[in-house]
Amino acid sequence: MAVNKKKRMGIKERYSLLTRGLGWDTTYQPEEKVYPYDKYEGIIIHDWDEWEDPFRLTMDAYWKFQAEKERKLYAVIDSFAQNNGHLGITDARYINAIKIFLTGVSPLEYAAARGFTHVGRHFGGVGARVACQMQAIDELRHVQTQLHSMSHYNKYFDGLHNRGHMHDRVWYLSVPKSFFDDAMTAGPFEFLTAISFSFEYVLTNLLFVPFMSGAAFNGDMATVTFGFSAQSDEARHMTLGLGVIKFMLEQDERNVPIVQHWIDKWFWRGYRFLSLVAMMMDYMLPKRIMSWKEAWEIYFEDAGTSLFEDLGRYGIKLPKFHDIPAKEKDRLSHEVWSIFYNYTHAAAFHTWVPNEDEMQWLDSKYPDTFNKYYRPRYDHWQAEKDAGNRFYNQTLPMLCQTCQIPMGFTEPDDPTTICFRSSEHNGETYHFCSDGCKNIFDHEPEKYVQAWLPVHQIYQGNCGGASVEDVLEWYKLNKSVDNMDYDGSPDQKLWEQWQADRAKAAS
Amino acid sequence: MPVTSIGEYKFEPLDKRENFHGNILIYINWEKHLMFCAPVCVPLSPDMPFGALVSELLPNVYSAHPEFEKIDWDAVEWTLDHKPISPEPDQTLEDLGAHHKSLFRFTTPGLNGIGGVAS
Amino acid sequence: MTRNVSITLQNNDDARLIIEAIAEDNPEAVVNQYPAMVKIDCPGKLIVKQETVEEKLGRDWDVQEIHLSVISLAGNVDEEDDYFELSWGA
């Protein structure tokens, strides 16, 4: 072991020099004009110097480790592309999960880079500013590496050609887009509670950990590598998320109810957004790791409960409506898959009826609900499809004003009845999929009356025209190529050709 | 509650009635038929007779379901914005009390979806 | 009931030895294997000791190198020059 390693400064000292020594007090402008946003939300900060980043990462260490991560990642990306890695995936249906990821999640990484750059500018404390700056750079790295990794699939598969344009326009992508827009248009402390704490700490484990492990299981070396490379930053972001919550709570007890409300709101916002992930895990991985229900139990019911018990000493409780997902976990992925099966003709990815093996797996994971409620539906859809009548819903759906998801969620205590909630505001009616979404609206109706609901926008004439064809064109979606059932798609034809070629070469 | 903001925070709702070219948005749900994953949203004239909604609009929306042709329309139970109604065919949507973003739900007694389990 | 803290690491060469070190220094730790990753749960707290990892790796190991292998964690973080610790509550 090296004897001289203690010569350099310890991490505490280095971190302190970076985050305390580099700040200064303003002289020719008042402080509140330089930092106009860090007080209006009502969060009271007495002493920014009590901000501590437990990782105490300094810039030199940050560059060193990030460079190392990039070197490893790009070695894999190059090798994946050079060795025709796309041929090693389990089944081309899997790529449809990647299409959702590219159009729905990667743009949020970019939005996060913008968001953290903005709030990093606006906090009065240096420690917070440094942490936000590092995270902004991380997020930019994430979007770039994700685009780079997934661009390989764009050489062969459909629906991956225009993620930025699609993210801004396509109906289901308004769900992630509006989620992040909501956070970015809040103040800096709410933004951190929304993204760093509720999303990164409490919820993204569900997206990045079991789903990425699933990517590995399905032979997608590119995705698992960028996923885990991003997630190694995420562990630091999670720590920042917990750090910022504790910092706010310790600074002043008047902060507690404000923070609690934000936790309630952003838990529910994030949970609704993750219903897309529930579907990806249960339906879009040809080889499955764990069900949505199991993931929810591990990552929220176990880990989340420990977290909130720990925060109990500050007076923080489990998020309002935290018990609803426990009631929904037996049906969430099935209801969401049904939504996309209904409207695949307007989506930039394919859906399908799960095959018999997959239905057996679903039954084994959801013994109380799958065969009872969902298998009869799939059997019917399969029979219709075999008869040449693949079912597509021809009428646009009603959307929730808050989460913007089609109103396909059922009553918490009755999986056979759609859950309807509504509110009146200034003489207008607004509809919601759940008590959680209604509660969020009722707290800030002026914000959500501005929601850009894709269905209503189509009917107002703002999306290229009145027919589905017009709207698809406006989405820049290639008709009969990017959309419709997987069976009969160009993706499927290409995949089967590759399999046939491989069989021929082997014989 | 008002939005906590740095200044006056007042915006027009994006979906006001006048933005829909004379139509109003109507939401419709066929209870216990979740093969249609969600209620539907349609822009309709407030002067549309209820009979036209049943005989012209609903077949376009729901006829893909094997139970649709079995519906006994005299037995159907309707609610408008969660209140029971007994609509007559010649009453217009407005006569019935429907307004912009009203919700019609209908139940078809004896018809409970594919397999009888609400699909 | 003591609540679990948790750390998830990539299943790669460096991390394998860190996982071994964790298992050795935390007798109550439960190691769960998944494709491409390993999730370690431990009641109350979990420590990663620089000394043990260096012994296993046979080279100097900066505790912050853990950033290269970690995927996720649950618990309050305390990082020093010679250890990395996760814990719940005081």
Side-chain angles (χ1 to χ4, degrees), chain A residues 36-37 40-42 186-187 190 335 338-343 372-377 379-381 384 389 391-399 405-410 415-418 420 422 425-426 428-431 442-447 449-453 455-457 459-461, chain B residues 1-21 23-44 57-58 60-66 79 81-82 99-103 105 107 112-119:
Chain A
Y37 300 150
Y40 81 90
E41 294 172 279
E190 183 179 345
E335 291 177 348
S338 283
I339 292 173
F340 283 100
Y341 191 91
N342 268 241
Y343 294 107
K372 184 173 176 192
Y373 297 115
Y374 308 108
R375 186 189 273 268
R377 187 181 308 172
D379 286 344
H380 174 72
W381 280 343
E384 286 289 291
N389 291 320
F391 169 67
Y392 294 104
N393 192 326
Q394 298 302 329
T395 319
L396 301 184
M398 175 181 190
L399 306 179
I405 299 174
M407 296 262 300
F409 300 111
T410 48
T416 69
T417 301
I418 295 283
F420 288 99
S422 62
H425 181 69
N426 287 341
E428 296 272 330
T429 309
Y430 299 92
H431 297 273
D442 288 347
H443 210 84
E444 294 177 297
E446 298 88 348
K447 189 165 193 182
V449 301
Q450 305 167 66
W452 193 92
L453 297 180
V455 169
H456 295 180
Q457 289 300 314
Y459 286 141
Q460 287 184 33
Chain B
M1 283 182 68
V3 172
T4 304
S5 65
I6 48 174
E8 194 195 10
Y9 194 96
K10 223 170 148 36
F11 295 92
E12 285 295 298
L14 228 56
D15 295 323
K16 291 172 82 165
R17 178 173 169 168
E18 56 261 38
N19 296 344
F20 291 86
H21 319 289
N23 289 323
I24 54 175
L25 290 183
I26 293 292
Y27 306 112
I28 302 170
N29 191 57
W30 184 6
E31 299 295 311
K32 310 287 178 201
H33 288 76
L34 297 173
M35 172 176 120
F36 302 99
C37 61
V40 296
C41 172
V42 278
L44 299 175
L57 178 75
L58 291 189
N60 286 328
V61 178
Y62 289 122
S63 60
H65 199 287
T79 66
D81 297 323
H82 307 292
H99 56 79
H100 183 48
K101 299 210 258 177
S102 271
L103 166 67
R105 301 172 72 175
T107 306
N112 290 311
I114 292 151
V117 289
S119 264

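Keep in mind that the numbers below use all heavy atoms, side chains included, and drop hydrogens, waters and symmetry copies. Chain naming here is simple, since letters A, B, ... match the order of the sequence lines and numbering starts at 1 in each.
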_Let's test your reading of the structure: which of B/A64, B/P43, B/P66 forms the most heavy-atom pairs below 4.5 Å with chain A?_
B/P43
_A/D442 portion near chain B, given a 4.5 angstrom heavy-atom threshold_ = backbone
*Minimum heavy-atom distance A/R377-B/A118, with the two atoms named*: NH2-O, 4.3 Å
*Indicate yes or no: at least one non-hydrogen side-chain atom of B/F36 is less than 4.5 angstrom from one of A/P397.*
no
*Given a strict heavy-atom distance threshold of 4.5 Å, which part of A/A186 is in contact with chain B: side chain, backbone, both, or neither?*
neither
_B/K16, part contacting chain A, at a heavy-atom distance under 4.5 Å_ = both
*asked:* In the structure I gave you, are the side-chain heavy atoms of A/Y341 and B/C37 within less than 4.5 Å of one another anywhere?
replied: no
*asked:* Quick check for you: among B/T4, B/L34, B/D81, which has the greatest number of heavy-atom pairs under 4.5 Å with chain A?
replied: B/L34
*Given a strict heavy-atom distance threshold of 4.5 Å, which part of A/H443 is in contact with chain B: side chain, backbone, both, or neither?*
both
_So which atom in A/H456 and which in B/K101 form the shortest heavy-atom distance, rounded to 0.1 Å?_
CE1-CD, 4.2 Å
_Which atom of B/L14 lies closest to which atom of A/W452, heavy atoms considered_ = CD2-CA, 3.7 Å
*asked:* So which atom in B/A38 and which in A/I418 form the shortest heavy-atom distance, rounded to 0.1 Å?
replied: CA-CD1, 4.5 Å
*So do A/M398 and B/V40 actually touch side chain to side chain, heavy atoms under 4.5 Å?*
no
*Please state whether the side chain, the backbone, both or neither of B/L25 comes within less than 4.5 Å of a heavy atom of chain A.*
side chain
*With the side chain counted from C-beta on, respond yes when A/Q394 and B/V61 share a heavy-atom pair under 4.5 Å apart, and no when they do not.*
no
*B/K32 vs A/T417 side-chain heavy atoms within contact, under 4.5 Å*: yes
*Please report the closest heavy-atom contact between A/F420 and B/N29, naming both atoms and the distance.*
CZ-CB, 3.8 Å
*Top residue by heavy-atom pair count (under 4.5 Å) with chain A, among B/V42, B/I114, B/N60, B/N23?*
B/I114
*Exercise: identify the closest heavy-atom pair between B/M35 and A/H380*: SD-CD2, 3.5 Å
*asked:* Less than 4.5 Å to any heavy atom of chain B: does that hold for the side chain of A/H425, its backbone, both, or neither?
replied: neither
_So A/T429 and B/H100, do their side chains get closer than 4.5 Å, heavy atoms only?_
no
_From A/E446 atom CD to B/E12 atom CD, the distance as rounded to the nearest 0.5 Å_ = 12.5 Å
*Heavy-atom distance under 4.5 Å to chain A: side chain of B/H33, backbone, both or neither?*
neither
*Which answer fits A/Y373, side chain, backbone, both or neither, if we ask what part of it has an atom under 4.5 Å from a heavy atom of chain B?*
both
_Within this structure, what is the CG-OG1 distance for the pair B/L57 and A/T395, rounded to the nearest 0.5 Å?_
7.0 Å
*If you count heavy-atom pairs under 4.5 Å between each of B/G113, B/G115, B/S102, B/S5 and chain A, which one has the most?*
B/S5
*May I ask you to check if A/K447 and B/Y9 form a cation-pi contact, with NZ or CZ under 6.0 angstrom from the six-membered ring centre and within 45° of the axis?*
no
*Going by heavy atoms in the side chains, are B/F20 and A/Q460 under 4.5 Å from each other?*
yes
_Less than 4.5 Å to any heavy atom of chain B: does that hold for the side chain of A/Y37, its backbone, both, or neither?_
side chain
*Can you tell if the side chain of A/Q457 reaches within under 4.5 Å of the side chain of B/D15, non-hydrogen atoms only?*
yes
